[in-house]
Amino acid sequence: MNLPQTIHDILDLARWAPSGDNTQVWRFEVLGPDHVAVHFYDTREDTVYDFRGRPSQLSHGTLLETMAIAATAHGLRTEITRRPDDQDHLPVFDVRFVQDPTVTPSPLIGAITTRSVQRRAMSTRALLPEEKRALEDAVGDGYDVRWIEGFGGKMAAARLMFSNAKLRLTMPEAYEVHRRIIHWNARHSPDRVPDQALGVDAATLRLMKWAMVSWGRLSMMNRLMGTWAPRLQMDLVPGLRCAAHFVIMARHAPETVEDHVAAGRAVQRFWLTLTHLGLAMQPEMTPLIFSAYVQHGESFSTVEKLHGAARQLQQRLHKLIGTGNGHPVFMGRLGAGPAPQARSLRKPLEELMK
């Protein structure tokens with residue numbers, strides 16, 4: 001069927017929602033002038049970072065929230081329901097657009113296409129009280145924001161990310177993901193992550209490209225040179241050069257697909273709000289993901305010693321963010337600064353239609 005212009009405009013904005021490694025884990029099926037079915041999938045089968053599909057489910061939520069925000073430009077609200085007969089790894093959500101005279105365009109609409117990931121150093125200016133209030137309000141009921149600030153807090157977070165980076169850089173399962181998702185010699189990529197957005201200098205980038213031809217070559221480089229250079233540039237220095245780290249906490253433990261989708265909607269409101277405020281952000285999900293593997297006693301690698309390292313890192317994560325009330329669903333760092341010069345783009349809408 002021909003795509004109604006309003007639906008086209010909404011979906012053309014919604015496709016800019018974030019997804020892990022720019023996988024864009026959704027396809028749109030237009031069923032009427034006011035009805036779109038969104039067919040989701042996850043990458044748990046071939047992506048070690050997609051523990052039980054939960055990170056993908058967060059992405060599903062960011063997409064649905066972006067659709068809802070984009071719809072307000074047309075005076076529409078969304079009614080979103082999950083189909084009861086789908087499968088958890090292939091959930092389908094029906095989105096219906098309803099004309100509502102009380103709906104006004106969201107101030108976050110302009111941030112949808114400019115929102116991006118900043119992997120390089122940001123300003124160390126502390127967040128203003130009004131910025132923190134806006135971000136805390138953005139996540140909505142059921143969620144809280146835990147801030148990790150000051151030099152000591154940022155150092156602890158940066159060291160945690162530095163150590164987690166060694167885990168992912170010495171794991172063959174992670175290598176397979178990195179090999180697949182990095183777009184070499186690129187500032188922009190419609191379906192992967194451009195190498196120039198990784199946050200390392202030109203010399204390190206050339207070395208990474210040479211080493212990632214094969215796992216054997218990368219392993220040899222790790223033995224001879226270690227992993228210090230990429231970890232310093234991608235984790236330790238950026239972890240210090242920011243305003244703060246943060247953790248979005250759910251007040252009740254997410255259990256179902258719907259729970260994780262709801263968390264993703266909160267994450268997108270937070271991310272769009274900080275973009276609207278002129279801030280930048282980088283997700284820091286590795287500690288949460290490998291902590292989940294440890295918590296549930298599930299293996300993530302054929303390299304046995306990495307499981308012991310992950311257990312130690314889980315303890316450090318708990319020390320950093322606390323183990324009291326709340327359940328972490330998203331973690332990152334943020335701060336003021338210019339937009340990145342290199343970033344992931346998106347597939348054209350036609351390629352995302354079912």
Side-chain angles (χ1 to χ4, degrees), residues 18 49 54-55 58 115 117-140 142-168 199 231-251 253-254 263-264 266-275 277-292 294-295 309-337:
Y49 299 117
R54 292 175 179 177
L58 288 179
R115 178 220 56 80
V117 175
Q118 177 56 282
R119 296 179 179 87
R120 298 185 183 275
M122 306 173 189
S123 169
T124 57
R125 170 184 70 77
L127 294 175
L128 302 174
E130 55 268 31
E131 292 171 332
K132 293 173 71 172
R133 281 195 301 271
L135 292 167
E136 291 164 358
D137 290 344
V139 295
Y143 302 92
D144 298 296
V145 181
R146 190 162 297 174
W147 301 104
I148 302 169
E149 302 175 281
F151 180 79
K154 290 191 292 184
M155 175 59 80
R159 291 179 63 188
L160 177 65
M161 294 305 303
F162 182 77
S163 298
N164 270 274
K166 184 175 182 180
L167 191 70
R168 70 172 190 265
R231 290 196 291 147
L232 282 169
Q233 295 179 52
M234 298 172 68
D235 297 278
L236 189 64
V237 172
L240 292 170
R241 293 291 305 276
C242 62
H245 298 254
F246 66 90
V247 186
I248 297 178
M249 310 288 290
R251 294 176 188 169
V267 168
Q268 182 67 337
R269 291 192 298 271
F270 181 94
W271 205 338
L272 292 177
T273 298
L274 70 88
T275 303
L277 293 171
L279 302 172
M281 191 267 275
Q282 178 185 9
E284 297 177 316
M285 291 295 287
T286 309
L288 301 186
I289 291 167
F290 289 104
S291 177
V294 172
Q295 178 184 345
R311 286 190 291 272
Q312 295 177 1
L313 291 170
Q314 183 197 36
Q315 295 173 1
R316 289 173 57 184
L317 173 67
H318 289 170
K319 183 177 180 180
L320 178 67
I321 69 175
T323 56
N325 295 332
H327 306 269
V329 296
F330 193 86
M331 184 174 177
R333 66 181 188 99
L334 78 169

**Request:** Report the C-alpha distance between L313 and F290 in whole Å, list the side-chain angles of each, state the deciding distance to 0.1 Å, and finish with yes or no for side chain to side chain contact (heavy atoms under 4.5 Å, CB included).
**Result:** CA-CA 8 Å; L313 291 170; F290 289 104; over 6 Å; no
**Request:** Output, in order, the C-alpha distance, side-chain angles, deciding distance and verdict of side chain to side chain contact (heavy atoms under 4.5 Å, CB included) for L288 and R54.
**Result:** CA-CA 11 Å; L288 301 186; R54 292 175 179 177; over 6 Å; no
**Request:** Begin from the C-alpha positions of Q282 and R119 and carry the test side-chain hydrogen bond (donor to acceptor under 3.5 Å, both in side chains) through to its verdict.
**Result:** CA-CA 6 Å; Q282 178 185 9; R119 296 179 179 87; over 6 Å; no
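In terms of heavy-atom proximity, A280 sits nearest to Q118 at CB-CB, 3.8 Å. The two atoms that bring A244 and E149 nearest to each other are CB-CG, 3.7 Å, heavy atoms only. The shortest non-hydrogen separation linking R333 to C242 is NH1-CB, 3.7 Å.
Contact of the D235 side chain with the R168 side chain is registered, since non-hydrogen atoms from C-beta on lie closer than 4.5 Å. Side chains of M281 and W271 form a contact here, defined as non-hydrogen atoms less than 4.5 Å apart. Side-chain contact between L240 and M155 is present, with heavy atoms from C-beta onward closer than 4.5 Å. A 4.5 Å side-chain heavy-atom check between M285 and F330 finds at least one atom pair inside the cut-off. Contact annotation: the side chain of F246 never approaches that of L135 to less than 4.5 Å [non-hydrogen atoms, C-beta and beyond]. Taking 4.5 Å as the limit, some side-chain heavy atom of M161 sits within range of a side-chain heavy atom of P287. At least one side-chain heavy atom of L127 sits under 4.5 Å from a side-chain heavy atom of L279. When side chains are defined from C-beta on, E136 does not count as touching D144, because their heavy atoms never get closer than 4.5 Å.
Separation of atoms CD (E284) and CG (L160) is listed at 8.5 Å; rounding is to 0.5 Å. One distance of note links CG of L277 with CG of L272; it measures 11.0 Å at 0.5 Å rounding.
Applying the side-chain hydrogen bond (donor to acceptor under 3.5 Å, both in side chains) rule to D137 yields no partners; only residues at least two apart in sequence or on another chain are considered.
The 12-atom threshold is not exceeded at CZ of R159, counting heavy atoms of other residues, nucleotides or ligands nearer than 6.0 Å. Residue K154 places its NZ atom among more than 12 non-hydrogen atoms of other residues, nucleotides or ligands, all under 6.0 Å distant. Heavy-atom neighbours of R316 CZ from other residues, nucleotides or ligands within 6.0 Å: above the threshold of 12.
Between the side chain of Y49 and the main chain of T286, no donor-acceptor pair closer than 3.5 Å is present.
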